[in-house]
Engineer: 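Here it is, the structure in full.
Excluded from the calculations below are hydrogen atoms, water molecules and symmetry mates; all remaining heavy atoms, backbone and side chain alike, are included.
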Amino acid sequence: MPRFTIHDLAATIDARAASGGEASYTRKLLDKGSEHCAKKLGEEAVETVIAAVENDREHLIAESADLLFHLLVLLKSRGVTLEDVEGALEKRTTMSGLEEKAARKRDGT
């Protein structure tokens, strides 16, 4: 059985975004707008942090899945692709994390 990847999830979100409204949670989120999607992402981030602090492995896994899903939905709502994010990550691998962070401060980002 092939492994399910974040690219598979992004493709599923793309397909559901193109579908009709009532049967798709993804479509409902997108129909409520980017601000709503951002709020949902924030809620999932907090739940992920709580699961990590509580050292609850299964809960952390479940909340991490929710967090990744809602991040991809937010990106979709703003027209940002997973490939766009991967490109930013790829650029960062050319220097150490400390160098990259210092460069962002110099650039004002």
Engineer: My understanding is that only residues two or more places apart in sequence, or in another chain, count here; which of them pass side chain to side chain donor-acceptor pair (under 3.5 Å) with Thr5?
Structural biologist: Asp8
Engineer: Quick check: closest heavy atoms across Ser77 and Leu30, and the distance to 0.1 Å?
Structural biologist: CB-CD2, 3.7 Å
Engineer: Measuring from atom NE2 of His70 to atom CD of Glu47, what distance do you get when rounded to the nearest 0.5 angstrom?
Structural biologist: 9.0 Å
Engineer: Would you say the side-chain atoms of His36 pair up with the backbone N or O of Lys32, donor to acceptor, closer than 3.5 Å?
Structural biologist: no
Engineer: Indicate the atoms forming the closest heavy-atom contact of Cys37 with Leu29, along with that distance.
Structural biologist: SG-O, 3.5 Å
Engineer: Taking all atoms of both residues into account, what is the closest heavy-atom pair of Glu86 and His7, and its distance?
Structural biologist: OE2-NE2, 2.7 Å
Engineer: Is the closest side-chain heavy-atom distance between Leu41 and Val73 below 4.5 Å?
Structural biologist: no
Engineer: Got a donor-acceptor contact below 3.5 angstrom from the Asp14 side chain to the Ala11 backbone?
Structural biologist: no
Engineer: Taking atom CZ of Arg78 and atom OG of Ser34, what is their separation to the nearest 0.5 Å?
Structural biologist: 3.5 Å
Engineer: More than 12 heavy atoms of other residues, nucleotides or ligands under 6.0 Å from CD of Glu83: is that the case?
Structural biologist: yes
Engineer: On a heavy-atom basis, which atom in Leu60 and which in Thr48 lie closest, and how many Å separate them?
Structural biologist: CD1-O, 3.6 Å
Engineer: Check side chain to side chain donor-acceptor pair (under 3.5 Å) between Ser64 and all other residues, then give those that pass, not counting sequence neighbours.
Structural biologist: none
Engineer: Which of parallel (below 30°), tilted (30 to 60°) and perpendicular (above 60°) describes Phe69 and Tyr25?
Structural biologist: parallel
Engineer: Mind checking whether Leu67 and Val46 sit in one hydrophobic cluster, side chains of I, L, V, M, F, W, Y counted as touching below 4.5 Å?
Structural biologist: no
Engineer: Rounded to the nearest 0.5 Å, how far does CG of Asp66 lie from CG of Leu71?
Structural biologist: 12.5 Å
Engineer: If you measure from NZ on Lys76 to OG1 on Thr81, what distance do you get to the nearest 0.5 Å?
Structural biologist: 9.5 Å
Engineer: Please list, chain by chain and in numerical order, all residues satisfying side chain to side chain donor-acceptor pair (under 3.5 Å) with Glu63, sequence neighbours excluded.
Structural biologist: His59
Engineer: Would you say Phe4 and Leu82 are hydrophobically clustered, going by side-chain heavy atoms of ILVMFWY under 4.5 Å?
Structural biologist: yes
Engineer: Taking a hydrophobic cluster as the set of Ile, Leu, Val, Met, Phe, Trp and Tyr residues connected by side-chain heavy atoms closer than 4.5 Å, whether directly or through intermediates, do Ile6 and Val80 fall within one such cluster?
Structural biologist: yes
